[in-house]
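Basis for what follows: all heavy atoms, side chains included, without hydrogens, waters or symmetry-related copies.
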Protein chains: 2
Amino acid sequence: MAVGVIATLKIQEGKNADFEEAFLGLAAKVKANEAGCNFYELHVSKSDPQEYKVLEQYASEADLAAHGQTDYFKEANMAMASLVAAAPHVEVLDSVE
Amino acid sequence: MAVGVIATLKIQEGKNADFEEAFLGLAAKVKANEAGCNFYELHVSKSDPQEYKVLEQYASEADLAAHGQTDYFKEANMAMASLVAAAPHVEVLDSVE
């Protein structure tokens, strides 16, 4: 069964461009390497420019787990740690098909 | 610019099967008819079986507006009105590309 993810990230003021560059680099690697990722799309709130939401879906729980274990994900997370204003909030959802 | 949507729907207890059937029928029509819809995927919370979240993305604001004006969307919304426990919460997000 597919799984969805809504990841909410609060970014420090003044760090938006750095964050977007880092995240979009990560997203490109996800799309190039993870056949089990159905979508992985960065969005920003219309009311709070510091609040980003990533809409994600994976073909299975195993594909989600594999995503989190990639070297490029771990590296991007470390790079983005200095840009976030708070710990990310990650909600995992069951797909209904 | 693409736009994302997170639609949160609280469904009355005992109405899950009716809701899922109605929503998946709608989703099939969206996918068959809306070239400007990038994804339209129903999910359910892991902690609250009455809480559903639809992850959506459209190629443009115009595509999102057109989605809401289709006869099948209006009909599905009317059919689902008797199944929801509260008014849906719809968050529209700007895509970052």
Answer key: most heavy-atom pairs under 4.5 Å with chain B among V92(A), V96(A), L55(A), L93(A) is V96(A)
Checking L24(B) against chain A: side chain, backbone, both or neither under 4.5 Å from a heavy atom? side chain
Test of understanding: clusters of I, L, V, M, F, W, Y form through side-chain heavy atoms closer than 4.5 Å, transitively. Do V5(B) and F39(B) belong to the same one? no
Every donor-acceptor pair from chain B to chain A under 3.5 Å, please, each on its own line.
residue : atom : partner : partner atom : Å
L42(B)  : O    : V96(A)  : N            : 2.9
H43(B)  : NE2  : Q57(A)  : NE2          : 3.0
V44(B)  : N    : D94(A)  : O            : 2.7
V44(B)  : O    : D94(A)  : N            : 3.0
K46(B)  : NZ   : E61(A)  : OE2          : 2.9
K46(B)  : NZ   : D94(A)  : OD1          : 2.7
K53(B)  : NZ   : E91(A)  : OE1          : 2.9
Q57(B)  : NE2  : H43(A)  : NE2          : 3.0
E61(B)  : OE2  : K46(A)  : NZ           : 2.9
E91(B)  : OE1  : K53(A)  : NZ           : 2.9
D94(B)  : N    : V44(A)  : O            : 3.0
D94(B)  : O    : V44(A)  : N            : 2.7
D94(B)  : OD1  : K46(A)  : NZ           : 2.7
V96(B)  : N    : L42(A)  : O            : 2.9

Heavy-atom proximity to chain A below 4.5 Å, by part of V54(B): neither
Most contact-rich option vs chain A, by heavy-atom pairs under 4.5 angstrom, among I6(B), L42(B), V3(B), is L42(B)
So which atom in P49(B) and which in V44(B) form the shortest heavy-atom distance, rounded to 0.1 Å? O-CG2, 3.7 Å
A quick test of your reading: do over 12 heavy atoms of other residues, nucleotides or ligands sit less than 6.0 Å from CE of M1(A)? yes
How long is the gap from CG on L83(B) to CZ on F19(B), to the nearest 0.5 Å? 8.0 Å
